[in-house]
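To keep things clear, I will list the structure first and then write my remarks on it.
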Number of protein chains: 2
Amino acid sequence: MSSDDGYERLRAAILAGDFQPNERLIEADLIESLGVSRAAVRTALVRLAHEGLVEHERNRGAKVRLVQVEEAIEIMQARALLEALAAREAAVRASDAEVHELRQILAELRRLLDAGDLVGCSTAGATLHARILEIARHATAARLVSSLNSQMVRFQYRTILVPGRAARSLSEHTAVVEAIAARAPAAAEAAMRLHLDHVTEALRSSVASQPRAVAS
Amino acid sequence: MSSDDGYERLRAAILAGDFQPNERLIEADLIESLGVSRAAVRTALVRLAHEGLVEHERNRGAKVRLVQVEEAIEIMQARALLEALAAREAAVRASDAEVHELRQILAELRRLLDAGDLVGCSTAGATLHARILEIARHATAARLVSSLNSQMVRFQYRTILVPGRAARSLSEHTAVVEAIAARAPAAAEAAMRLHLDHVTEALRSSVASQPRAVAS
DNA sequence: AGCGCGAGGATCGTCAACAATCGCTGCCGC
DNA sequence: GCGGCAGCGATTGTTGACGATCCTCGCGCT
C-alpha cells in the first residue's frame, strides 16, 4: 500500500510546486520525507518519469522536469483537440441534471469575474473543463488530457492574467455550455476548440511579454 | 542497461502478440525469458502498466491488457485529432525532400494495392502516418499517438480487410499528401481527419459483422 | 452430494546489504 | 598558475532473501 501512496504524494508535491524546477530528487531524501521504502520511491519515480513529470538519467538520478514554453504550446494544441472531442461527446450524452450543473459552474464563474477574483476564475474554469470531460464519458480523452494537464501546472495561472482574457474566457465558456445544452455536438466541438485556441494564443503572448515567470 | 533492455523487449513481445490476451505475466518467467533481473522486470511492468499495455493488480500480478472494441474506437477518435494536427504542422514544415519522400511512399502504396497485397498496404500506410508525424516535428502529438498506437495492435489489420477500404484509403492518403505538398495546413488537417474518421467507421462496421477476431 | 474451511503452494511486496557509477576535490607534474 | 589524474564521498543500480497475500485443492461436516 505504501507504494501507491508514495507515488500519489510525490506527484501531489511536484504539482503543488514544492520543488524547484530542475531540482534533483534524491532517493534517500524522498524515503525520509515520504516515509516509504526505497523500492516504493523507485517505482514512483519510474511512473512519474513515464508521465513526463520527472526526468530520469541512468546512474544520475531523477530531477523534476521543467517543461519549456514551446512544449507548453504543443500541449495546449493537443488539449484543444481532445477537449473539443469531449465537448462533442458531452453534447450527445449530457443529462438535464448535468447541463444544469454546468450552468451553475458558469454562474459561479460570472460571480468570480465580477468580484475580480482571477485566480478563482482559473480554478472554476478548470472545474468546468473537468466536468465536461466526465460528462463525455470518454475514458481515453480524459486520461490523455489529465496527463497533459499535469505537465502544465507551471503555466496554469499564466493566461488568465492577460488583460481582458478572463472576460473573453467567460463568454467562450458560455458558448460551449450553451452548445452542450442545445445538444449540438458540432457547435460544442467548435466552441471548445475556439476557446482553447484562444487560450493558446494568450499563452503565446504572455510568454512574449514576460518570458520567465519562475526564476531558478 | 538491462532494465531498459528488458522493457523494450517485453514491450516488443506484447506488441508482436507473443502472449495470449489476458495472459498472466509472471515475474519469475519473465526473468528467465528476458534474462534480466527481477527489479528490471518489475520496473518494466510498471512502465507498461502506465502505458496501458498491461494491467496490474496488487498482490495479483500483471497480465496483458485486452483493449475492448469500444475503447479501440475511442482511441481512433483521439488519434484522428492528433494526426490531423500533425498533418497541419507537416504542411507548414515539410521540406521539398520530405514531400518527395511522402510521394514515394504513396507510389509504393499504389503498387501494393494493384498487387492485391492488403497487409503490405496496411504496413505502408502505417509508414506514411509515421513519417508525417516526424515531419510535423510535434513531439507531444508524436508521443501520444505512439502510445495510442501501441494499444491498437490487435486491430491493426482489421480495417484494411473491409471490402473496398484499401482503395478508398489510398485516395484519402493521396489527398493528405497533396495538401501537405501544396503547403495547405487547413486542407491537410481536414483530409487527415476525414481519412481517420473513415477508418473509425470501417472499424465499427468490421466489428459489427465479425465481432470476435481473437479467440481465447 | 454439497458447502464451508483450513493447509499448502505460488506469487508478489519489501527490505537490507552489496556492487557500480558519477561528480568532486585535492594533489602532482609541467 | 594550470591541466590532468587518482581517490573519495555520494548516489544509484542490482541482488538475494524474507515476509505477506492470494488462489487452489482437498478434507470434514451437514
Side-chain angles (χ1 to χ4, degrees), chain A residues 1-15 17-67 150-151 215-216, chain B residues 1-15 17-67 150-151 215-216:
Chain A
M1 124 188 17
S2 52
S3 110
D4 281 355
D5 190 44
Y7 164 70
E8 296 289 350
R9 276 197 289 161
L10 182 52
R11 184 169 192 274
I14 293 174
L15 261 49
D18 292 358
F19 298 95
Q20 296 295 330
N22 274 332
E23 179 173 345
R24 279 191 67 190
L25 295 173
I26 295 171
E27 295 180 0
D29 296 350
L30 297 177
I31 291 170
E32 211 173 351
S33 63
L34 298 174
V36 299
S37 72
R38 183 160 166 224
V41 169
R42 286 180 67 83
T43 67
L45 288 176
V46 169
R47 291 173 76 176
L48 291 169
H50 210 101
E51 209 169 332
L53 262 71
V54 310
E55 247 168 331
H56 202 129
E57 276 177 297
R58 186 179 174 83
N59 283 325
R60 233 177 293 180
K63 60 183 184 182
V64 323
R65 197 166 87 98
L66 183 65
V67 350
S150 68
Q151 302 184 243
S216 72
Chain B
M1 141 192 357
S2 53
S3 107
D4 279 355
D5 189 44
Y7 164 70
E8 296 290 349
R9 275 196 290 159
L10 182 52
R11 185 170 192 274
I14 292 175
L15 262 49
D18 292 356
F19 298 96
Q20 296 297 330
N22 275 332
E23 179 173 346
R24 281 191 66 189
L25 295 172
I26 295 170
E27 295 181 359
D29 296 351
L30 297 176
I31 292 171
E32 211 173 352
S33 62
L34 298 174
V36 298
S37 73
R38 180 157 170 228
V41 169
R42 287 180 65 84
T43 68
L45 288 175
V46 168
R47 292 172 74 175
L48 291 168
H50 211 100
E51 209 169 331
L53 262 72
V54 310
E55 247 168 330
H56 201 128
E57 275 176 297
R58 186 181 175 80
N59 282 325
R60 233 178 293 179
K63 60 183 185 182
V64 324
R65 197 167 86 97
L66 182 66
V67 350
S150 68
Q151 302 184 243
S216 72

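Basis for what follows: all heavy atoms, side chains included, without hydrogens, waters or symmetry-related copies.
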Would you list the protein and nucleotides 16-19 of chain C atom pairs, both N or O, that sit under 3.5 Å from each other?
none

Collect all protein-nucleotide pairs involving nucleotides 22-24 of chain D in which both atoms are nitrogen or oxygen and the distance is under 3.5 Å.
from	atom 1	to	atom 2	distance (Å)
D/dC23	OP1	B/Arg60	NE	3.1
D/dC23	OP1	B/Arg60	NH1	3.2

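Straight-line distance from the CD1 atom of A/Ile26 to the C1' atom of D/dG13: 16 Å, rounded to whole Å. Atom P of nucleotide C/dT11 and atom CD of B/Glu57 are separated by 16 Å, given to the nearest angstrom. Between the CD1 atom of B/Ile31 and the C1' atom of C/dA10 there is a distance of 14 Å, rounded to whole Å. The separation between A/Arg42 atom CZ and C/dG13 atom C1' is 15 Å, rounded to whole Å. The nearest whole Å value for the distance from the NZ atom in A/Lys63 to the P atom in C/dG23 is 11 Å. Residue B/Asp5 contributes atom CG, which lies 11 Å from atom P of D/dT14 at whole-angstrom precision. Computed from coordinates, the A/Glu23 CD to D/dT11 P distance equals 13 Å when rounded to whole Å.
Look at B/His56 and you won't find any side-chain N or O under 4.0 angstrom from OP1 or OP2 of C/dT11. Taking only side-chain nitrogens and oxygens, A/Ser37 never comes nearer than 4.0 Å to OP1 or OP2 of C/dT14.
How far CG of A/Leu45 is from OG1 of B/Thr43: 12.0 Å, rounded to the nearest 0.5 Å. For the atom pair CZ of B/Arg65 and CD of B/Gln151, the computed distance is 5.5 Å after rounding to the nearest 0.5 Å. The distance from atom CD of A/Glu57 to atom CZ of A/Arg24, rounded to the nearest 0.5 Å, is 10.0 Å. Note that the CG atom of A/Leu53 and the CG atom of A/Leu10 stand 9.0 Å from one another [nearest 0.5 Å].
Within 4.0 Å (heavy atoms only), B/Ala39 reaches at least one base atom of the nucleic acid. B/Leu45 comes within contact range of no nucleotide atom at all, as no heavy-atom separation falls under 4.0 Å.
Checked by atom type and distance alone, the side chain of A/Arg9 pairs as donor or acceptor with a backbone atom of A/Leu34 at under 3.5 Å.
The aromatic rings of B/His50 and A/His50 are tilted relative to each other, their planes meeting at an angle between 30° and 60°.
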